[in-house]
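Both backbone and side-chain heavy atoms feed into the values below; hydrogens, waters and symmetry mates do not. Every number for a ligand or one of its atoms is a count from 1 in the order of the listing.
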Amino acid sequence: MPKIVVLVSGSGSNLQSIIDAINHDELDCNIAGVIADRECYGLTRAKEAGIPAYIVDRKIHRERLSEEIDKLIPSGTSLIVLAGFLSILDNAFIDKWQNRIINIHPSLLPKFGGHGMWGNRVHEAVLASGETESGCTVHMVTSEIDCGQIIVQQKVPVLMDDTVESLRLRVQETEHSAMLAAIRKILEK
Ligand code: GRF
């Protein structure tokens, strides 16, 4: 059974969809650990599911943070999933786990990605630009933020009367299935 590790910083709804899919035999892997860079609800979800849950201090230097995270990842881990993880991992970490780290982003990359584009800022920018569609992207993590190979993308319409919150919720619904599709795609390779 392939082992995956999930990194979180927020509510952990993507983590929850992975946990649920495993419990319903819809995803063939084990979550070997959940690592958070701050106290967050994602950590609580991991603990409630009986998954080893760790917290690392994001205020330490970026290099040390990546080293600390690396120490918590068991050897033989097939995939590291950044599910709303907000710290930046360093190049040594990304090189070591090359092609085995994926991230989910709440826009149709390469649009609305890059440094500082996270959370509601993404949806604000989409609404301000007058785009008629948005969505989510699961992509490989490389040293350039939000630029790695796209694995799965799912689109949603942007509606005339959308607010940041209504668009965020519509995109979030697609994230959960996009994330599962991407994990399957990689683990089945
Ligand atoms: C998602 O919108 C994801 O695209 C972004 O962070 C958010 C995480 O949500 N990278 P959750 O913590 O999984 O609920």
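Residues Leu89 and Trp97 have side chains not in contact (no heavy-atom distance under 4.5 Å, counting atoms from C-beta outward).
Evaluation of the salt bridge (Lys or Arg N to Asp or Glu O under 4.0 Å) test over residues 20-29, restricted to residues two or more places apart or in two chains, returns none. Sorted by first and then second residue, the salt bridge (Lys or Arg N to Asp or Glu O under 4.0 Å) pairs with a member in residues 139-160 read Glu133-Lys155; sequence neighbours excluded.
For Lys111, the NZ atom sits in a loose shell: 12 or fewer heavy atoms of surrounding residues, nucleotides or ligands are nearer than 6.0 Å.
Protein residues with any heavy atom under 4.0 Å from ligand 1: Gly10, Ser11, Gly12, Ser13, Asn14, Gly84, Ile104, His105, Pro106, Gln172, Glu175.
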Please output the side-chain donor-acceptor pairs of residues 30-40 that fall under 3.5 Å, not counting sequence neighbours, one pair per line with the distance.
from	atom 1	to	atom 2	distance (Å)
Asp37	OD1	Ser9	OG	2.8
Asp37	OD2	Ser9	OG	3.4
Asp37	OD2	Ser87	N	3.4
Asp37	OD2	Ser87	OG	2.5

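The main-chain N or O of Ile151 is found under 3.5 Å from a side-chain atom of Lys185 such that the two form a donor-acceptor pair.
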